[in-house]
Amino acid sequence: MILKKIFKFLLIITVTVSYANALKQDEIKEQMTKKIDNVLLILEKKDLSISQKGDEIIKVIDEVFDYELMARISLGKETWNSLSDEKQKEFVKIFENKLKKSYIEKLEFYNDQKVKILSLKPHNNSRLQLETELVGKDENYKINYNFYNKAKDSEQWLIYDVELLGASIIQTYRQQFAGLLKEKTFDEMLVLLDSSNKKQ
């Protein structure tokens with residue numbers, strides 16, 4: 001139950017993407033510290049509704065997550081490669097909306113937690129991992145942000161996954177989608193996910 005609640009809080013500070021302001025390696029710790037601090041300040045605002053907080057948080061964090069890669073990994077290489085470009089784009093958009101909706105709904109779980117940046121270290125050969133810690137009233141939890149360099153000839157570091165206590169958000173979604181695809185066609189799964197996104 002505790003792990004589930006922390007995952008819900010984690011979704012508050014980990015959603016959506018744009019490549020316009022990808023980070024350089026020596027900027028990661030400083031910029032992520034600023035972004036996380038800004039998110040926590042927004043969560044503390046008493047004069048904003050949950051949806052308004054969600055809109056403000058998206059503006060803060062939408063520059064550092066590679067949403068397309070996250071969607072591709074969560075679906076699995078075999079299924080992803082079997083899709084047309086049009087279907088891939090449709091899935092990415094629906095997956096993006098799913099995460100946005102999920103974290104906005106989970107804003108109510110915020111309870112004055114703090115996040116500490118611990119270290120930035122090599123991860124899986126050419127990748128990097130930013131270690132952070134969610135500081136709660138009773139216990140602390142490690143949260144790791146995994147980065148990869150999107151560009152071949154320059155630095156464009158973006159987040160492609162987040163781990164909590166060794167559990168990957170992307171692998172969690174991958175298991176969910178794999179389970180759905182055992183019972184449904186890809187198009188049926190898209191309809192199910194899209195209709196879930198539209199529910200109030």
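Residue numbers start at 1 and run along the sequence shown.
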(Q) A quick test of your reading: do over 12 heavy atoms of other residues, nucleotides or ligands sit less than 6.0 Å from CG of Asn125? (A) no
Q: Using distance alone, with no hydrogens and no angle criterion, decide if Glu131 and Ser119 have a side-chain donor and acceptor under 3.5 Å apart.
A: yes
Q.
Starting from Leu48, can I reach Val39 by hopping between I/L/V/M/F/W/Y residues whose side chains sit under 4.5 Å apart?
A. no
Q: Give the intermediate values and the outcome of side chain to side chain contact (heavy atoms under 4.5 Å, CB included) for residues Gln176 and Tyr173.
A: CA-CA 5 Å; Gln176 177 185 338; Tyr173 275 112; 3.7 Å; yes
Q.
With heavy-atom distances below 4.5 Å as the criterion, would you say the side chains of Val135 and Tyr141 are in contact?
A. no
Q: Give the C-alpha distance, both sets of side-chain angles, the deciding distance and a yes or no for side chain to side chain contact (heavy atoms under 4.5 Å, CB included) between Tyr145 and Ile36.
A: CA-CA 12 Å; Tyr145 294 84; Ile36 291 172; 4.1 Å; yes
Q) Thinking salt bridges, do Lys59 and Asp55 make one under a 4.0 Å N-O criterion? A) no
**Q.** Exam field: side chain Lys53 to backbone Leu43, donor-acceptor pair closer than 3.5 Å
**A.** yes
Q.
With heavy-atom distances below 4.5 Å as the criterion, would you say the side chains of Asp85 and Gln88 are in contact?
A. yes
Q | Listed partners of Glu155 passing side chain to side chain contact (heavy atoms under 4.5 Å, CB included), at least two apart | A | Lys24, Gln25, Trp157
(Q) Is any side-chain heavy atom of Gln129 closer than 4.5 Å to one of Phe147? (A) no
Q. Counting N and O atoms only, with roles assigned by atom type, does the side chain of Ser82 sit under 3.5 Å from a partner on the main chain of Thr79, one being a donor and the other an acceptor?
A. yes
Q. So, does Gln52 use its side chain to make a donor-acceptor pair with the main chain of Ser49 at under 3.5 Å?
A. yes
Q) Where do Pro122 and Leu128 come nearest, in terms of heavy atoms and distance? A) CA-CD2, 4.1 Å
Q: Verify, without hydrogens or angle tests, whether Asp66 (side chain) and Lys150 (backbone) share a donor-acceptor contact under 3.5 angstrom.
A: no
Q. Looking at OH of Tyr148 and CG of Asn124, how far apart are the two atoms once the value is rounded to the nearest 0.5 Å?
A. 14.5 Å
Q. Between CG of Leu193 and NZ of Lys93, what distance do you get to the nearest 0.5 Å?
A. 15.0 Å
Q) Which is it for Val162 and Asn144 under the side chain to side chain contact (heavy atoms under 4.5 Å, CB included) test, yes or no, and what are the steps along the way? A) CA-CA 6 Å; Val162 184; Asn144 297 329; over 6 Å; no
**Q.** Test item: Glu163 and His123 side chains (from C-beta on) under 4.5 Å apart, heavy atoms
**A.** yes
Q.
Just so I know, are the side chains of Ile143 and Leu134 near enough to count as touching, which here means a heavy-atom distance under 4.5 Å?
A. yes
**Q.** From Asn97 atom CG to Asp194 atom CG, the distance as rounded to the nearest 0.5 Å
**A.** 7.5 Å
**Q.** Flag side-chain contact, heavy atom, 4.5 Å: Ile170 against Tyr160
**A.** no
(Q) I want to check something: taking the side chain as every heavy atom from C-beta on, are Leu69 and Leu158 in contact at a cut-off of under 4.5 Å? (A) no
Q: Would you indicate whether the side-chain heavy atoms of Asp161 and Met70 approach each other to under 4.5 Å?
A: no
Q. Is Lys89 paired with Glu68 through a side-chain N to carboxylate O contact shorter than 4.0 Å?
A. no
(Q) Checking side-chain contact (heavy atoms from CB on, under 4.5 Å) between Leu130 and each of Ile159, Ile117, Asn146, which is the one that passes? (A) Ile117
Q: Looking only at non-hydrogen atoms, find the nearest pair between Val64 and Lys35 and report the distance.
A: CG1-CE, 3.7 Å
(Q) Is the distance from the ring center of Phe91 to that of Phe177 below 6.0 Å? (A) yes
Q. So, Lys142 and Glu133, do they make that salt bridge, N to O below 4.0 Å?
A. no
Q: Please round to the nearest 0.5 Å and tell me the distance separating atom OG1 of Thr33 and atom NZ of Lys29.
A: 7.5 Å
Q. Leu192, Leu181: one ILVMFWY side-chain cluster at the under-4.5 Å cut-off?
A. yes
Q. Taking 4.0 angstrom as the limit, do Glu78 and Arg72 come out as a salt bridge?
A. no
Q.
If the condition is side chain to side chain contact (heavy atoms under 4.5 Å, CB included), which residues does Ser126 pass it with, not counting sequence neighbours?
A. none
Q | Pairs where residues 175-193 contributes a residue and the test salt bridge (Lys or Arg N to Asp or Glu O under 4.0 Å) is met, not counting sequence neighbours | A | Lys87-Asp187
Q. Are the side chain of Ser74 and the backbone N or O of Arg174 linked by a donor-acceptor pair below 3.5 Å?
A. no
Q | CG-CG distance between Leu120 and Asp26, expressed to the nearest 0.5 angstrom | A | 10.0 Å
